[in-house]
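Reading through the structure tokens given below for one structure.
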There are 2 protein chains.
Amino acid sequence: MAQNKHTTAVIFNTLRDRICLLDYPPGTVLREAALAKEFGISRTPIRAVLQRLEHGALVAVRDGVGTIVTDLDSTELKDIYEMRQKMAELIGVLSPREITYADEQAAIDLLGRAKRLVKDYSASEYWQINHAQHALIADLIGNAVLRETWDQLYYRSARFWYREASHAPEGVAGDLVAELSEVVRALHKRDAVAVGYTQRNFIAYGFAKLQAALSPDQPIS
Amino acid sequence: MAQNKHTTAVIFNTLRDRICLLDYPPGTVLREAALAKEFGISRTPIRAVLQRLEHGALVAVRDGVGTIVTDLDSTELKDIYEMRQKMAELIGVLSPREITYADEQAAIDLLGRAKRLVKDYSASEYWQINHAQHALIADLIGNAVLRETWDQLYYRSARFWYREASHAPEGVAGDLVAELSEVVRALHKRDAVAVGYTQRNFIAYGFAKLQAALSPDQPIS
DNA sequence: TTTTGAATAGGTGCATACAGCAAGATCAGG
DNA sequence: CCTGATCTTGCTGTATGCACCTATTCAAAA
């Protein structure tokens with residue numbers, strides 16, 4: 001019955017992905033007992049995982065009710081996206097690590113996958129490329145504190161972007177190709193500042209797309 | 001035996017203050033059973049509090065050993081301080097709330113307390129003024145995400161600054177007067193950007209002081 | 001004397017029973 | 001029929017016993 005720390009990490013990632021991929025849409029009520037039964041463990045480690053998710057602002061635990069997947073109003077979404085843009089601008093400023101040939105190659109691989117995605121779209125593949133691009137860029141960040149914040153904000157906003165991408169999948173694959181093309185160019189020039197500003201720009205473009213699809217002052221779902 | 005959510009929040013603040021005020025210096029081993037006995041509750045809610053502290057990077061829970069108060073090497077300290085400076089620069093940029101006469105008066109009160117502190121120094125009073133100034137400025141931040149990050153980084157770095165202030169108390173009271181004077185000036189002009197830049201500057205001054213007192217690449221304690 | 005191994009003590013991680021809380025269901029009264 | 005208080009159900013919060021992990025100690029062998 002012993003569950004090591006790795007097991008709880010797997011459960012955390014599983015639940016986080018389910019929330020980000022809208023398997024658990026905002027407002028969903030999660031029950032500790034049900035999750036415990038599903039993963040074959042007791043409520044205690046499940047509660048620890050839910051507390052971590054709550055700290056990441058993905059869920060809210062309410063006594064006597066359950067653990068509710070959070071939603072965002074337009075103000076909160078704006079705050080997150082504005083912050084993400086500012087964090088992107090810092091990527092190349094706060095002592096980034098040196099860009100290598102391997103980084104460039106990894107981005108070129110992702111670009112190839114994105115190009116194939118234009119002809120043959122798949123939501124799952126889109127998401128995986130997005131994730132990989134995020135991990136690639138996060139790894140360039142030298143400042144550990146910035147990297148943590150960058151990571152948290154990515155997961156905090158991912159599902160709302162994923163939702164928009166699901167609703168209008170025609171353009172997003174092409175946009176991803178454009179974004180990765182710029183990332184490849186910046187990496188080829190070994191210019192971390194350019195990588196950061198590219199990220200800032202496409203985060204801003206994405207936010208504009210989200211706002212256009214959103215009636216003002218209305219909850220998202 | 002029922003302990004409401006307020007009680008755990010009190011315990012969290014208590015332990016956080018003990019860590020920040022170096023009642024628990026870095027390396028201290030906290031035991032769940034001992035804390036549970038002290039606060040008259042069981043280990044379960046204590047564990048939840050420690051998990052929150054761990055997420056704030058103030059402690060590290062190690063299986064079979066205990067909960068250890070963290071230390072920082074010079075790289076981590078640099079990362080935190082660089083990030084704090086950048087966050088300060090954003091205070092006036094990311095839609096701050098409007099500055100009121102009450103804000104200015106609160107800062108003037110703090111300035112008066114700081115001036116009295118120069119003649120009659122007290123570590124506890126110094127800390128309380130510092131805390132109040134932080135709360136005052138955090139309250140000006142309009143972007144909720146930035147405010148959370150600002151808050152977390154403050155508590156994450158506070159004890160190392162507090163340690164330096166305890167070692168060399170002669171200058172810090174005067175520096176606090178200078179800082180609050182600038183804050184009052186910025187608030188009087190209703191200039192949130194100026195408030196942010198003032199914070200950036202004094203964070204940078206403080207970091208320089210810390211670095212001067214620190215031998216390079218050595219742990220702090 | 002040094003080194004290595006097991007035994008031991010004390011800690012966290014987990015499972016589970018019970019207490020307290022919140023929301024909906026139910027029933028009495030108007 | 002409608003309204004409001006009460007009851008019921010099911011959830012999270014807490015306490016506690018046990019399993020497992022870690023560091024230390026001590027003894028035995030080289």
Side-chain angles (χ1 to χ4, degrees), chain A residues 1-16 18-19 23-71 219 221, chain B residues 1-16 18-19 22-71 73 219 221:
Chain A
M1 288 300 169
Q3 304 295 330
N4 53 22
K5 194 166 283 185
H6 178 256
T7 303
T8 67
V10 169
I11 295 175
F12 175 81
N13 288 328
T14 302
L15 294 183
R16 184 183 61 185
R18 287 181 185 174
I19 293 172
D23 290 334
Y24 296 150
T28 302
V29 178
L30 305 178
R31 289 151 203 157
E32 297 173 356
L35 293 173
K37 187 176 180 182
E38 175 187 349
F39 292 103
I41 57 178
S42 77
R43 280 178 53 210
T44 306
I46 293 291
R47 283 176 62 79
V49 169
L50 293 178
Q51 197 176 339
R52 287 182 56 192
L53 290 170
E54 185 177 31
H55 195 276
L58 298 182
V59 303
V61 183
R62 290 179 52 188
D63 187 9
V65 177
T67 300
I68 300 168
V69 178
T70 53
D71 197 358
S221 70
Chain B
M1 289 300 169
Q3 305 295 331
N4 52 23
K5 194 166 283 186
H6 179 256
T7 302
T8 67
V10 169
I11 296 175
F12 175 83
N13 288 329
T14 301
L15 294 183
R16 185 182 61 184
R18 287 181 185 175
I19 293 171
L22 300 176
D23 291 335
Y24 296 150
T28 302
V29 178
L30 305 179
R31 290 152 201 156
E32 297 172 356
L35 293 173
K37 187 175 181 182
E38 176 187 349
F39 292 104
I41 57 179
S42 78
R43 280 178 54 211
T44 306
I46 294 290
R47 282 177 62 80
V49 168
L50 292 179
Q51 200 174 334
R52 288 181 56 193
L53 290 171
E54 185 176 32
H55 202 128
L58 298 181
V59 302
V61 183
R62 290 180 52 187
D63 186 10
V65 178
T67 300
I68 300 168
V69 178
T70 55
D71 196 359
D73 60 30
S221 70

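This is a predicted model, so every value here is computed, not measured.
Checking A:R62 against B:E32, the closest nucleotide of DNA chain C that is more toward the 5' end is the one next to B:E32.
The residue B:L50 sits apart from the nucleic acid: no heavy atom pair falls under 4.0 Å. A:R47 comes within 4.0 angstrom of a base, heavy atoms only.
Within the structure, every side-chain polar atom (N or O) of B:R31 is placed at least 4.0 Å from both OP1 and OP2 of C:dG10. Considering only side-chain N and O atoms, A:S42 lies under 4.0 angstrom from the phosphate OP1 or OP2 of C:dA15.
If you check distances only, the side chain of B:R43 does reach the base of C:dG13 with a donor-acceptor pair under 3.5 Å.
When all heavy atoms of A:Y24 and A:V69 are compared, the closest pair comes out as O-CG1, 3.7 Å.
Picking from C:dG13, D:dG13, D:dA15 the nucleotide with the shortest atom distance to the side chain of B:I41 gives D:dA15. Among the nucleotides C:dT16, C:dG13, D:dT14, the one closest to the side chain of B:D63 is C:dG13. Nearest to the side chain of B:V61, among D:dT16, C:dT12, C:dC14, sits C:dT12. Which of D:dT14, C:dG13, C:dT16 sits closest to the side chain of B:P45 comes down to D:dT14. Comparing atom distances between the A:V65 side chain and each of C:dA15, C:dA22, C:dG13 picks out C:dA22 as nearest.
The backbone N or O of B:A48 lies less than 3.5 Å from a partner atom in the side chain of A:Q51, making a donor-acceptor pair. For A:T70 (side chain) and A:A57 (main-chain N/O), a donor-acceptor pair under 3.5 Å exists by modelled atom type.
Within the model, atoms CZ of A:R18 and CG of A:L30 stand 9.5 Å from one another, a figure rounded to the nearest 0.5 Å.
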